[in-house]
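To keep things clear, I will list the structure first and then write my remarks on it.
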There are 2 protein chains.
Amino acid sequence: MSTTSASRRTQRERTEATTAALLGAARELFATDGFALTSLNAICERAGVTRGAFYHHFSNKEQIFREVYAVEQHRLSQAVRESFRQHSDPWTGLIAGCRALLEKSLEPTVWRLTLVEAPAALGWTAMRDIQTDCKNQMRTGLAMAIEAGCIPSRPLEPLTSLLYGALTESALDVVHAEDTAAWLEQTLSELRLLLAGLVGRIEPGCAHTRTQP
Amino acid sequence: MSTTSASRRTQRERTEATTAALLGAARELFATDGFALTSLNAICERAGVTRGAFYHHFSNKEQIFREVYAVEQHRLSQAVRESFRQHSDPWTGLIAGCRALLEKSLEPTVWRLTLVEAPAALGWTAMRDIQTDCKNQMRTGLAMAIEAGCIPSRPLEPLTSLLYGALTESALDVVHAEDTAAWLEQTLSELRLLLAGLVGRIEPGCAHTRTQP
DNA sequence: TTACATACATACGGGATGTATGTAACTTGT
DNA sequence: ACAAGTTACATACATCCCGTATGTATGTAA
């Protein structure tokens, strides 16, 4: 032993420890203060290192945010996938996946990072390259429901975006609601109703006149 | 005349000119470079004034962004409202409003500011206080469709968020599509299908088994 | 153990924000 | 029309943060 005593760590252990500390600190600070208001000094101070260590492992603030975001997005898609798999019927699996997405979005690290900060911090294209994780999950869910015959064949891309957007926007409502559980159930009820429109052909429209808004 | 000659302007004219120049410069720069990458120096340089003028009329960068955003949001809601009013049937009016929202979102100043930058720059609550403009428009559209009997009575809030989120997320897809017009029509087709689910009661679900994803 | 690579700390320059202070333009009362 | 006061703007500065460049310690391999 060359140094004091038990401080002998391999290089890999050192990097893993500091990167984990930096990623953890960044995750919490981004979730509470947002991307712009979180300084690298704050991240490093919380992680117990200096900015030298940071710039050795990461290229800049956007890079570490991208990594944090990717992890969060992966956790989210994992939850959706598992909920979907627990049902043999793709239709109920799809609904379960939607519920899982809403429930997971209650965590601040999820909704704040993926729904609020990511679009501006990463830009549309970079965000999509990672978001593909979770949105793909919804797309394959829809595809399997179509393939199984629950839904007549529909173009997947627009449908996926409509569904995903409906869920993410509603998730922010659920998060900020007083009674989140009740709001979540109500949202899922209405969503089921909308999705029901996919299965059958109904001629919409009515001839009533109306007062001006 | 006391000074040179034609340079005599009233105070109100002066403030209107500079604030308009600053708001216009900020609008364009925010739309092209985003909120974070747009410096006050750049805004002032483009407006032809110094930062002293800026801080005389605005408190900070977030404040001027909020004003720019409010104007854009108002333009958007105005377009939706007019499209809605051009139809006597609330149902077709609602569809027309959705189409107007998608079409207006093609302008970079609309989608970049309201859909990408605003959430992070303003935060959820501040954004909602202004966004109320456009989202309320959708809500009243739904409310009138219900009142007219086109749709059975449904809880408005969750439904509004689902519809609004579906539209905004899809708008970003439409913007980045190669053939925006075709994508827009396809999106509206699928949306009509989803909305059709509101009018009738269909029992969804199917008993098919499926392969794991 | 010596030579090298990796992990981290410190120091510095550039740029951006916000404030404080100074100056010019306009307005108002007499 | 002129003085006093208010508004509109410019300049200077203090501070913070990012990113780089350089230095130092620790681990690794011959």
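What you see is a predicted model; the values in this text were computed from it and never measured. Chain naming here is simple, since letters A, B, ... match the order of the sequence lines and numbering starts at 1 in each.
We find that CD of A:E45 is positioned 13 Å from P of D:dC16, with the value rounded to whole Å. Atom-to-atom, CG of A:N60 to P of D:dG19 comes out at 5 Å; the value is rounded to the nearest Å. The distance between atom CD of A:E16 and atom C1' of C:dA7, rounded to the nearest whole Å, is 14 Å. The interatomic distance linking A:R14 (CZ) with C:dA9 (C1') rounds to 12 Å, in whole Å. For the pair A:F58 CZ and C:dA7 C1', the interatomic distance rounds to 14 Å; values are reported in whole Å. At whole-Å resolution of the value, CG in B:L37 and P in D:dC18 are 14 Å apart. One atom, CG of B:L22, and another, C1' of D:dA8, lie 12 Å apart when rounded to the nearest Å. The distance from atom CZ of B:R9 to atom C1' of C:dA25 is 10 Å, rounded to the nearest whole Å.
A donor-acceptor contact under 3.5 angstrom links the side chains of A:E72 and A:T109, judged on distance only. Donor-acceptor pairing under 3.5 Å is lacking for the side chains of A:Q86 and A:E82.
Considering only side-chain atoms of A:S39, the nucleotide from D:dC18, C:dA9, C:dA25 that sits closest is D:dC18. Checked against D:dT28, C:dA16, C:dA9, the side chain of A:T50 finds its nearest nucleotide in C:dA9. Nearest nucleotide to the side chain of A:Y55, out of D:dC9, C:dA7, D:dT20: D:dT20. Residue B:R51 places its side chain closer to C:dG18 than to any other of C:dG18, D:dT20, C:dC26. Checking C:dA7, D:dG19, C:dA25 against every side-chain atom of A:T15, the shortest atom distance belongs to C:dA7. Side chain of B:T10, nearest nucleotide from D:dG27, C:dC8, C:dC26: C:dC26. Here D:dA8 is the nucleotide among D:dA10, D:dA8, D:dC18 with the atom lying nearest to any side-chain atom of B:H57.
Note on B:H56: every side-chain N or O is 4.0 Å or more away from OP1 and OP2 of D:dC9.
Summarising the geometry, atom OH belonging to A:Y55 is positioned 11.5 Å from atom OG1 belonging to A:T50; distances are rounded to the nearest 0.5 Å.
In terms of modelled atom types and a separation under 3.5 Å, the side chain of A:H74 and the main chain of A:A70 share no donor-acceptor contact. In this structure, the side chain of B:K61 engages the main chain of B:F35 through a donor-acceptor pair within 3.5 Å.
Checking B:N41 against B:R12, the closest nucleotide of DNA chain C that is more toward the 5' end is the one next to B:N41.
Among the atoms of the strands shown, none is found under 4.0 Å from any heavy atom of B:F54.
When both distances must be under 3.5 Å, the Watson-Crick or G-U wobble mate of D:dG27 is C:dC4.
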